[in-house]
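Residue numbers run from 1 in the order of the sequence given.
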Amino acid sequence: MEERNTVHIRMLGEFSIQWGDKRVSDADGRARKVWFLIEYLIANRQKSFSLEQLSEAVWSDSEDSDNPKNALKNLVYRARTLLKALSGEMEFIVYSNNSYSWNQAIPCAVDAEEFERLCAKGEEPGLDAGRRMQAYRRAVELYQGEFLPKSACLGWVVTKSAYYASLYSRAVEQAVRMLGESGRHSEVVEVCEMAVVQSPYEENIHYALLKALIATGQRRKAIAHYERLAEFFYESLGVTLSSEVRALYKEMTTGMEALEADMDSIEQDLRETDMPQHAFYCDYEIFRQMYRLQARSIARTGQSVHIALLTLRNLKGETPDANLIQSAMTQLRDVTLASLRKGDLVSVYSTNQLVLMLPMTTYENGQKVLRRILAAFAKKRRKYDCYVDTKLREITPSAY
């Protein structure tokens, strides 16, 4: 009976209120300030607020009202009307002693409060490790996104959101550590796969995921994840992955177990699923291995292979600003891939540099290729206000 009368409120990842089979959500398209008011009262549901206090929480300093008291009363009326969709009998917002508050007599289960409770339980030093780990795991599962994402313009929401995000990072870190120490690597994979959805830029979570995938024998999945991650970091942030993560990738690719298989299965595994229409774009670690392979090969065959370095600079000859470099480098990469042959290689060398490998190419032909790339990028030069510096050099045969 108690559970049936409980109002369930979500504030992590979305805002919704559910009572029985009835539900209202901030996706319903109502005016944002109505939701601001409801959210603030719920987040502080043990307190009462005067009209002035609620006005400060709902309206920003830049917003003026000729009659703020009447404006807020109107907002309360609209909020109560909205909440009647849950129950026409219950009064969710009450008024007493010249103050408004959320009705404390109504039992509520708030995901943000439960998340905070679980995180605190995981930190209890007197609790056994198994129960602490269970609390952390439940906290990670409960966190479905940032606190009140559609109200992130409000100062109090920003503060709360940062607080919960910090608790979440700690819960993931502790859950992964404790599960790893117990040898429960498959569960580490589960936790990390949930966590990278909520915190895609936390490189330490990706690192833990890669380690756990290796520990559970999923090396190919780990390699595929790394390659998607490297491209995601470059395209989103314009940066390469840390040396620690790149070292793990090198370990994965050089330590592949030998598996017995017939030629058909090997060929199927090696074959690209989609025929590329441009040059091969790869991680720099793969590029380096291919360079060394080519250096060994040309010592025997005598074929000419050249590498080129493309450096993006602003009109002062310096590295472009961070707000420009990401989009400009993405455009440079795209025109470079489209200008090369399918057998050529392209990789990111630094935040403003691409490195190319051009097999079976003379120096003269290599220069033609670079001019073609520069001409294609020049069409975008006015937009990006920058240019590309190029260098071309023949690979020296390896002595090994």
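- In this structure, the side chains of Ser48 and Trp102 stay at 4.5 Å or more apart for every pair of heavy atoms.
- One finds the CD1 atom of Ile214 at 5.5 Å from the CD atom of Glu251 (value rounded to the nearest 0.5 Å).
- In this structure a side-chain-to-backbone donor-acceptor pair under 3.5 Å is missing from Arg10 to Val110.
- At distances below 3.5 Å, not a single donor-acceptor pair connects side-chain atoms of Tyr143 with backbone N or O atoms of Tyr168.
- Salt-bridge formation is not detected for the pair Glu318/Arg313: no Lys NZ or Arg NE/NH1/NH2 atom is positioned less than 4.0 Å from an Asp or Glu carboxylate oxygen.
- A donor-acceptor pair under 3.5 Å is formed between the side chain of Arg80 and the backbone N or O of Ile93.
- Note: Thr361 OG1 to Gln367 CD = 12.0 Å, rounded to the nearest 0.5 Å.
- Electrostatic pairing of Glu227 and Lys221 does not count as a salt bridge here, judged by no charged N lying under 4.0 Å from a carboxylate O.
- At a threshold of 4.0 Å, the pair Arg138-Glu114 counts as salt-bridged, since one of the basic side-chain nitrogens sits closer than that to a carboxylate oxygen.
- Classification of the Tyr100-Tyr95 ring pair by plane angle, with boundaries at 30° and 60°, yields tilted.
- Checked for salt-bridge contact, Arg177 and Glu181 meet the test: a charged N lies under 4.0 Å from a carboxylate O.
- One N or O on the side chain of Gln53 and one on the backbone of Ser50 form a donor-acceptor pair closer than 3.5 Å.
- Atom CZ of Arg341 is surrounded by more than 12 heavy atoms from other residues, nucleotides or ligands within 6.0 Å.
- Other residues, nucleotides and ligands place more than 12 heavy atoms under 6.0 Å from the CG atom of Asp128.
- Judged by distance alone, with hydrogens and angles left aside, the side-chain atoms of Asp389 form no donor-acceptor pair with the main-chain N or O of Thr311 at under 3.5 Å.
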Chi angles and distances behind the side chain to side chain donor-acceptor pair (under 3.5 Å) call for Asp283, Tyr226: CA-CA 9 Å; Asp283 181 85; Tyr226 173 90; 3.1 Å; yes

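- Nearest heavy-atom pair, Leu41 versus Ser101, reported as atom, atom and distance to 0.1 Å: CD2-CA, 4.1 Å.
- A donor-acceptor contact shorter than 3.5 Å is absent between the side chain of His185 and the backbone of Ala212.
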Test side chain to side chain donor-acceptor pair (under 3.5 Å) applied to Gln353 and Ser350, step by step: CA-CA 5 Å; Gln353 292 180 304; Ser350 70; 2.9 Å; yes

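- Under the 4.5 Å side-chain criterion, counting only non-hydrogen atoms from C-beta, Phe287 is not in contact with Val346.
- With hydrogens and angles disregarded, a donor-acceptor distance shorter than 3.5 Å links the side chain of Thr216 to the backbone of Leu213.
- Environment of CE in Met90: crowded, with over 12 heavy atoms of neighbouring residues, nucleotides or ligands closer than 6.0 Å.
- Sorted by first then second residue, the salt bridge (Lys or Arg N to Asp or Glu O under 4.0 Å) pairs that include residues 154-171, not counting sequence neighbours, are Glu123-Arg170.
- Between the side chain of Ser166 and the backbone N or O of Ala162 there is no donor-acceptor pair closer than 3.5 Å.
- In this structure, a donor-acceptor pair under 3.5 Å is absent between the side chains of Thr390 and Arg371.
- Note that OG of Ser169 and CD1 of Ile205 are 6.0 Å apart. Values are rounded to the nearest 0.5 Å.
- Cluster annotation: Tyr363 and Leu340 are assigned to the same hydrophobic cluster (Ile/Leu/Val/Met/Phe/Trp/Tyr, side-chain heavy-atom contacts under 4.5 Å, transitive).
- The aromatic rings of Tyr201 and Phe232 sit parallel to each other, their planes meeting at less than 30°, with 60° as the upper class boundary.
- Clustering ILVMFWY residues whenever any of their side-chain heavy atoms sit less than 4.5 angstrom apart, transitively, puts Val94 in a cluster other than the one holding Val7.
- To the nearest 0.5 angstrom, Ile325 atom CD1 is 4.5 Å from Asn352 atom CG.
- Looking at heavy atoms from C-beta onward, Tyr163 lies in side-chain contact with Glu116 at the 4.5 angstrom threshold.
- No hydrogens or angles considered: a donor-acceptor pair under 3.5 Å links the side chains of Arg32 and Ser151.
- Ring geometry, Phe147 versus Trp156: the interplanar angle exceeds 60°, so the pair is classed perpendicular (tilted spans 30 to 60°).
- Once rounded to the nearest 0.5 Å, the distance linking CG of Leu370 with CG of Leu358 reads 7.0 Å.
- No single ILVMFWY cluster, assembled from side-chain heavy atoms under 4.5 Å apart, contains both Val158 and Leu12.
- The CD1 atom of Ile17 lies 4.0 Å from the CD1 atom of Ile42; values are rounded to the nearest 0.5 Å.
- Remark: Glu190 engages Arg137 in a salt bridge, criterion side-chain N to carboxylate O under 4.0 Å.
- At distances below 3.5 Å, not a single donor-acceptor pair connects side-chain atoms of Ser16 with backbone N or O atoms of Ser25.
- A donor-acceptor contact shorter than 3.5 Å links the side chain of Asn44 to the backbone of Tyr40.
- Taking the ring axis of Tyr281 as reference, the NZ or CZ atom of Arg333 stays within 45° of it and closer than 6.0 Å to the ring centre.
- Residue Leu72 comes nearest to Leu51 through the heavy atom pair CD2-O, 3.2 Å, listed as atom of the first residue, atom of the second, then distance.
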